[in-house]
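What follows is a single structure, written as structure tokens, with notes after it.
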Amino acid sequence: MGDNTIYSFSDLPIDANLGEYDIYIERMRTIQYPMLKDSLYLDHAGTTLYPKSLLDRFHQDMVSSLLANPHSASPSSRNATEMVDSVRLEALRYFRADPLHFDLIFVANATAGIKLVAEAMREQEGGFRYAYHVDSHTSAVGAREHAVHHKRARESLYGRTYTLLDAAAFVSTSALDLSDASSAPDFTTLSFNKIFGFPDLGALIVRKNAAHLFDRRRYFGGGTVEMVVCLKEQWHAKKAGPLHERLEDGTLPIHSILALKSAIETHWNLYGSQDRVAKHTLDLANRLYEGLAALQHGTGEHVCTIYKHPESSYDEPCTQGPTVAFNIKDSKGTWVSTSEVEKLAVIKDIHLRTGGVCNPGGVTQALGLEPWEMKENFSAGQRCGGEDDIRNGKPTGVVRLSLGAMSTRSDVERFLVFMDEFFVDRNSTMREWSSTAAGPTPTWHVESLTVYPVKSCGGWQIPDNMRWEVRREGLAWDREWCIVHQITGKVLSQKQYPRMALIRPVLDFKAGQLCLSGPGAKQKITVPLSQDPSYLEALDLSHIDTIVCGDPIKARSYSSSVIADFLSGVLDVPCTLARFPGSSGTAASTRHSKAHLQTGVRSTSIPRPIRLSNESPILTISRSSLNRLNEQIKAKGGKAAHQSAFRANIILSERPASLSINESPWAEDYWSGMKVGSEDGPVLDFLEGCRRCQMVCIDQISGERNQEPFVTLAKTRRFGGRVLFGVHTALASGSKSNMIRSGDVVEVHS
Ligand SMILES: *Cc1c(COP(=O)(O)O)cnc(C)c1O
């Protein structure tokens, strides 16, 4: 308990101003919120953080109380019942709700509270008519599905009106005062974790005047029934006591309720009052709002479009909470995709939220999206959490920053510095297009070829001079296998599991095996290369439905526990190996490239088959471009990027003869294709530039994450909100031959 006596709100002078209070929070949080470390957490409206002393208190309470399942006569059971009732009372008091007029029902979360009310309303004679605020949370909008829309609604139109307050967001940084029962909502729902960070528990506060609405509830469960007769005569007697006894089905989350007690006490101790929290967070939001609104490009154009109700103000706590939602435009006036913002934020350890932020009505209104546009975007593949967030030149989501009790002014400053670093274009020459026009045409050759037999795992460099087949769907043996999650069936990606880089493959054609080794190479597994059905039978492969980059595919997973144990051990997640049926596989499993031709000349865009790679059959990068990028990184004192970070299949470099003068970085931006090798060698098309994310920051040798090269790429290679490095490549449809090897001369076509 030492920590929170050192830093307790009571140490602050009574008349401390906002600046002094901010200094107090800054100091206090280094001890109370050790999980923050160097992170900038700006998603408090999602959930806020819990202080260390809350956990200490909870721990103390847990080890010192013997609690049994309530509803029994043992002393430990009675203990639990008494504890629950006293916390119920404290929770009511926290909202200044008089237990004479209100009851509090513990529920899983705010959504469960809304659902309980909507289900009770559905049972009313004549149904009910439901009106909700345009800015409602998704969970409150969902209640409309229980309402009646047609003739019956009319009958109930003249009945009583009941009010439901979804207070989940409001209570997180403001004081909810229900002391005037006559003007209070009939139902108030909220989640305690949004106020205290912990426990994960919600409440429905019901005005007793409205409690009769639950009388028609049909379901009963353990805890909400007195007696049940089964078999011949089906009869039951529901509990008749207080409302909470009739609605809390099953065993109460007693340990969470115990934690709520510690949460309320700790909050009191650290923050004094919720009014103080409200003032502090709104002061921060105001600074953030002003700071973002002031950002300008060299052209004088504003960087941020901030969404705010015209009548709300960051000076007035009754009109505005500590949340700022916005979108960004570059200096040319093009919207920057929110997923781009998110990728850069990840690199800088900034935690924010993007997309529809569970506010379907509010966001579409702010963005001026019509229902038909939403439906069109949905059919075009846009989903909550997807990457494609700019459609028809309009953003379909927002960037949302939300502040919490332990946020500080330094957080706001840090976010503004981040914005300035990546999104403000002072001289609009930030982007670099090389001029390839001047000088002799450089000659290029294939420096090396690499395949990635297991998607997202290490690469295998094809030995020098070994001739290798290029197929329509990519280099032979590239992405033949993948690792699938044993519970969700999802194909694992290095973005979530950086340690996948440490799984190194070897294609051993003599032994006819793929060999995989883990870090330290102490352990290995092998699987046969052959797709021979008799082999596969013996291996007992089972068909599984899995999802790769949003596409459903059918793969066949190995049921060997040796394989699963090896991979699960390396990655620390339950997973196993699966094989993607290659060109010989079923047509149903064919995926198609999402990358388009780089030049608009050829208008017929033929879908190209791909296997498990993310976007196109083959990825090509240029050594000269990599050199240029590394010069820029080193000029800023950063760590140069190794070629392996880009996970290319083909690395092209310039012939030494032409190096004497200048390399031609970014020449590939202008290429449409290349012929590899001799006169009748294969022809490959260049498709679009390869869009990059923070995955290039995973060191493929150590599996660790860095900031570079993504930070420099984002500053020098961002085009229309896309960070490009390398080009998607595919075998041209008219290509006569299909064998390439390292050392081959390359003739580029522009
Ligand atoms: C978070 C939130 C919810 C949902 O809360 P859950 O605890 O996830 O059910 C509902 N409404 C608002 C306004 C919220 O902020």
Side-chain angles (χ1 to χ4, degrees), residues 41-50 91 94-95 104-119 130-146 163-176 178 185-206 247-249 252-253 256-257 259-260 263 274 277-278 281-282 285 307-309 312 317-325 351-366 384-385 397-405 407:
Y41 188 81
L42 294 171
D43 192 19
H44 291 273
T47 188
T48 194
L49 309 175
Y50 42 82
Y94 181 86
F95 300 109
L104 184 145
I105 293 99
F106 287 115
V107 288
N109 46 37
T111 305
I114 296 171
K115 208 169 138 207
L116 208 54
V117 174
E119 280 166 0
Y130 183 55
Y132 55 95
H133 193 279
V134 62
D135 273 341
S136 289
H137 188 275
T138 311
S139 299
V141 177
R144 71 180 181 198
E145 301 301 313
H146 280 320
T163 48
L164 167 80
L165 172 66
D166 171 6
F170 178 79
V171 292
S172 60
T173 52
S174 305
L176 174 67
L178 299 175
D186 296 298
F187 310 102
T188 302
T189 177
L190 54 101
S191 298
F192 289 111
N193 60 309
K194 289 207 182 168
I195 316 176
F196 309 120
F198 182 78
D200 300 331
L201 182 70
L204 173 66
I205 304 174
V206 180
L247 296 184
E248 287 168 348
D249 301 310
L252 280 166
S256 297
I257 294 172
L260 178 58
Q274 200 66 345
V277 171
T281 50
L282 203 62
Y307 305 106
K308 185 175 99 34
H309 193 276
S312 79
C318 57
T319 62
Q320 178 65 53
T323 304
V324 184
H351 304 247
L352 44 76
R353 190 165 289 258
T354 65
V357 298
C358 284
N359 186 344
V363 164
T364 49
Q365 196 177 52
C384 193
V398 299
V399 179
R400 185 187 76 182
L401 312 175
S402 53
L403 298 148
S407 299

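Both counts, for ligands and for their atoms, begin at 1 and track the order of listing. Bear in mind that the values here come from a model prediction, so they are computed numbers and not experimental data.
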### Message
Taking 4.0 angstrom as the limit and counting only heavy atoms of N109, give me the atoms of ligand 1 inside it, by number and element.
### Response
6 (P), 7 (O), 9 (O)
### Residue part near ligand 1, for S191, under 4.0 Å between non-hydrogen atoms
side chain
### Task
Could you check if a side-chain atom of N109 sits within less than 4.5 angstrom of a side-chain atom of D200, using non-hydrogen atoms only?
no
### Query
N/O of D166 under 3.5 Å from N/O of ligand 1, yes or no?
yes
### Query
What is the nearest protein non-hydrogen atom to atom 9 (O) of ligand 1, stated with its residue, atom name and distance?
T111 OG1, 2.5 Å
### Message
On a heavy-atom basis, which atom in H137 and which in P360 lie closest, and how many Å separate them?
### Response
C-CD, 4.5 Å
### Task
State whether the side chain of T163 and the backbone N or O of D186 hold a donor-acceptor pair below 3.5 Å, judged by distance alone.
yes
### Message
Checking the side chain of S174 only, and the main-chain atoms of V171 only, is there a donor and an acceptor separated by less than 3.5 Å?
### Response
no
### Query
Can you tell me the protein heavy atom closest to atom 10 (C) of ligand 1 and the distance?
H137 CG, 3.2 Å
### Query
Any N/O of K194 closer than 3.5 Å to an N/O of ligand 1?
yes
### Query
Are more than 12 heavy atoms from other residues, nucleotides or ligands located less than 6.0 Å from atom OH of Y50?
no
### Check: A45 N/O within less than 3.5 Å of ligand 1 N/O
no
### Query
Taking only heavy atoms of A169, which atoms of ligand 1 are found under 4.0 Å from at least one of them?
13 (C), 15 (O)
### Query
Can you name the one residue among L42, V324, T323 that meets side-chain contact (heavy atoms from CB on, under 4.5 Å) with S402?
T323
### Query
What protein heavy atom is closest to atom 5 (O) of ligand 1, reported as residue, atom name and distance in Å?
A110 CB, 3.5 Å
### Query
Between F106 and F192, how do the two ring planes meet: parallel, tilted or perpendicular, split at 30° and 60°?
tilted
